[in-house]
*Asks:* 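After the structure tokens below, expect a handful of questions from me.
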Amino acid sequence: MEIQTSALGGHRRALAEGFRDGIPIGLGYLAVAFSLGIAAKKAGLNAFQGFLISLLNNASAGEYAAFTVIAADASYWEMALITLITNARYLLMSCSLSQKFSPDTPMLHRLLVGFDVTDELFGIAISRPGYLDPFYSYGAFLPALPGWAVGTALGIAAGSILPARIVSALSVALFGMFLAIIIPPARKNRAVCLCVLASFAASGLSAVLPWLRTLSGGTRTILLTVVIASAAALLFPISDREDAEYDA
């Protein structure tokens, strides 16, 4: 009985700590998802649809890619494939995070934590000392998930109310968000910088080259993502030591 009481107290403490650490993440998600909602509005989604998508798929790059192919009137398989490709890194994060659990952690908790593995939530979870209590992640989810979903819905609502010029200006904020994501690692790593430049060039060429321009926007995005990522992996392999230094 005392062991169960102690375990319950530990879960409550982990839940409270996770909620505390998740508050700044949730506030950040609220601001970023607002710009994402503008993109969702341009794709023809209403506030409830955007809220539901962000609640079930908490991933900025994955959602933006999905909204892009939706706006391009792409097929369902293109939408599913581009979402899988852009969110593939979360598979690696989940594998790494699974090593933080105690061996006797039930599968249900592993699945629930794996539902919302984002860059930020992964970062605070993986840095916890010792075994990871799933309730810590649950606590972090409480402000993070609503912040992302509500932010998307507010962005769509604003896109429906605000004048077209303001909506167009706000949509630029999402590109600013992605620039903020890619510029720091591009300045730090030459290979990343080359990949970013190659992506810009290939994206522009694909819109004018005879064969590629006949493909849908979603298919072009999938092809470019796979080709450039594969070429980078072959030309610029990263050793474990380099990876650790890069993350530091």
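The first residue in the sequence is number 1, and the count goes up from there.
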*Asks:* Do F200 and V192 sit in one hydrophobic cluster, given that two such residues count as connected whenever their side-chain heavy atoms are within less than 4.5 Å of each other, even indirectly?
*Replies:*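 They do share one cluster, since a chain of ILVMFWY contacts under 4.5 Å joins F200 to V192.
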
*Asks:* Of all the heavy-atom pairs spanning A153 and A47, show the shortest one and how long it is.
*Replies:*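 Nearest heavy atoms, A153 then A47: CB-O, 3.7 Å.
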
*Asks:* Would you please name every residue forming a side-chain contact (heavy atoms from CB on, under 4.5 Å) with L52, sequence neighbours left out?
*Replies:*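 L52: side-chain contact (heavy atoms from CB on, under 4.5 Å) contacts with F48, L56.
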
*Asks:* So how far is it from E63 CD to L36 CG, rounded to the nearest 0.5 Å?
*Replies:*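 It comes to 5.0 Å.
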
*Asks:* The criterion is ring-ring contact (aromatic ring centres under 6.0 Å, His included); which residues satisfy it with F135, sequence neighbours excluded?
*Replies:*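 If we apply the ring-ring contact (aromatic ring centres under 6.0 Å, His included) test to F135, skipping adjacent residues, the hits are H11, H109, Y138.
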
*Asks:* Going by side-chain hydrogen bond (donor to acceptor under 3.5 Å, both in side chains), name the residues that satisfy it together with S102, two or more places apart in sequence or in a different chain.
*Replies:*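 Here the qualifying residues are D104.
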
*Asks:* Applying a strict under-4.5 Å side-chain criterion to I, L, V, M, F, W and Y, I'd like to know whether L84 and V69 cluster together.
*Replies:*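 No, no single cluster joins them.
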
*Asks:* Would a distance-only check, ignoring hydrogens and angles, find a side-chain to backbone donor-acceptor pair under 3.5 Å from K100 to R128?
*Replies:*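 At least one qualifying donor-acceptor pair exists.
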
*Asks:* As an exercise, state the distance from CD of Q49 to OG of S54, rounded to the nearest 0.5 Å.
*Replies:*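 One gets 12.0 Å once the value is rounded to the nearest 0.5 Å.
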
*Asks:* Would you mind reporting whether F141 and N58 have side-chain heavy atoms less than 4.5 Å apart?
*Replies:*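 The answer is no; the side chains never approach within 4.5 Å.
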
*Asks:* Can you find a pair of side-chain heavy atoms, one from C193 and one from R187, that are under 4.5 Å apart?
*Replies:*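 No - every pair of side-chain heavy atoms lies 4.5 Å or more apart.
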
*Asks:* Apart from L91 itself, what residues make up its hydrophobic cluster, given side-chain heavy atom links below 4.5 Å?
*Replies:*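 Same cluster as L91: nobody, lone residue.
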
*Asks:* With side chain to side chain donor-acceptor pair (under 3.5 Å) as the rule and sequence neighbours excluded, what pairs involving residues 197-209 come up?
*Replies:*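 Counting only pairs at least two positions apart or across chains, no side chain to side chain donor-acceptor pair (under 3.5 Å) contact touches residues 197-209.
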
*Asks:* Over all heavy atoms of both residues, which pair between S127 and G123 is shortest? Give the atoms and the distance, please.
*Replies:*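 Of all heavy-atom pairs spanning S127 and G123, the closest is OG-O, 3.1 Å.
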
*Asks:* Taking only residues two or more places apart in sequence or in another chain, which ones pass side-chain contact (heavy atoms from CB on, under 4.5 Å) with F122?
*Replies:*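 Counting only residues at least two positions away or on another chain, F122 forms a side-chain contact (heavy atoms from CB on, under 4.5 Å) with M93, S96, L97, V117, I126.
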
*Asks:* Answer yes or no: is there a side-chain heavy-atom contact under 4.5 Å between S137 and L121?
*Replies:*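 Not touching, per the 4.5 Å side-chain cut-off.
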
*Asks:* Tell me if the CG atom of N46 is crowded by more than 12 foreign heavy atoms within 6.0 Å.
*Replies:*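 Yes, because the 6.0 Å sphere around CG of N46 holds more than 12 heavy atoms from other groups.
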
*Asks:* What distance separates K42 NZ from I70 CD1, expressed to the nearest 0.5 Å?
*Replies:*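 Answer for the NZ-CD1 pair, K42 versus I70, is 14.5 Å.
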
*Asks:* Determine whether I25 and F115 fall in the same hydrophobic cluster, where Ile, Leu, Val, Met, Phe, Trp and Tyr are linked whenever their side-chain heavy atoms lie under 4.5 Å apart.
*Replies:*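 I25 clusters together with F115.
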
*Asks:* Measuring from atom CD of E17 to atom CZ of R12, what distance do you get when rounded to the nearest 0.5 angstrom?
*Replies:*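 The distance works out to 14.5 Å.
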
*Asks:* Out of curiosity, does V208 fall in the hydrophobic cluster containing V227 (side-chain heavy atoms, cut-off under 4.5 Å, transitive links)?
*Replies:*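 Different hydrophobic clusters.
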
*Asks:* R20: which residues meet the salt bridge (Lys or Arg N to Asp or Glu O under 4.0 Å) condition with it, sequence neighbours left out?
*Replies:*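 Per chain and number, R20 pairs via salt bridge (Lys or Arg N to Asp or Glu O under 4.0 Å) with no residue.
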
*Asks:* Are T105 and P134 close enough that some pair of their side-chain heavy atoms sits under 4.5 Å apart?
*Replies:*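 Contact flag for T105/P134 side chains = yes.
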
*Asks:* Taking the hydrophobic residues Ile, Leu, Val, Met, Phe, Trp and Tyr, and joining any pair whose side-chain heavy atoms are under 4.5 Å apart, which ones share a cluster with M107?
*Replies:*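 L111, listed by chain and number.
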
*Asks:* What's the shortest heavy-atom distance between D133 and A14, and which atoms?
*Replies:*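 For D133 and A14, the tightest heavy-atom pair comes out as OD2-CB, 3.6 Å.
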
*Asks:* Would you say that D116 contacts L145 through its side chain, given a criterion of any heavy-atom pair below 4.5 Å between the two side chains?
*Replies:*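 Side chain of D116 against side chain of L145, heavy atoms only: contact under 4.5 Å found.
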
*Asks:* How close do A140 and P143 get, counting heavy atoms only, and between which atoms?
*Replies:*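 That would be O-CD, 3.2 Å.
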
*Asks:* To check you understand the geometry: which heavy-atom pair defines the closest contact between L154 and F34, and what is its length?
*Replies:*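 Shortest heavy-atom separation between L154 and F34 comes out as O-CE1, 3.6 Å.
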
*Asks:* Only counting residues at least two apart or in another chain, list the ones meeting ring-ring contact (aromatic ring centres under 6.0 Å, His included) with Y29.
*Replies:*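 Only W148 meet the ring-ring contact (aromatic ring centres under 6.0 Å, His included) criterion with Y29.
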
*Asks:* Under the side-chain contact (heavy atoms from CB on, under 4.5 Å) rule, collect the residues that match up with D21, sequence neighbours excluded.
*Replies:*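 I124, Y136.
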
*Asks:* Measure the shortest side-chain to side-chain distance between F51 and T152 over non-hydrogen atoms and say whether it is less than 4.5 angstrom.
*Replies:*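 Counting from C-beta outward, F51 and T152 never come under 4.5 Å.
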
*Asks:* Mind checking side-chain contact (heavy atoms from CB on, under 4.5 Å) for L142 and listing every partner two or more places apart, or none if nothing turns up?
*Replies:*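 Expected list: F19.
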
*Asks:* Minimum heavy-atom separation for I156 and A40, please, with both atom names.
*Replies:*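 For I156 versus A40, the nearest heavy atoms are CD1-CB, 3.7 Å.
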
*Asks:* Please answer: with hydrophobic residues joined when any side-chain heavy atoms are less than 4.5 Å apart, are V150 and I23 in the same cluster?
*Replies:*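 Different hydrophobic clusters.
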
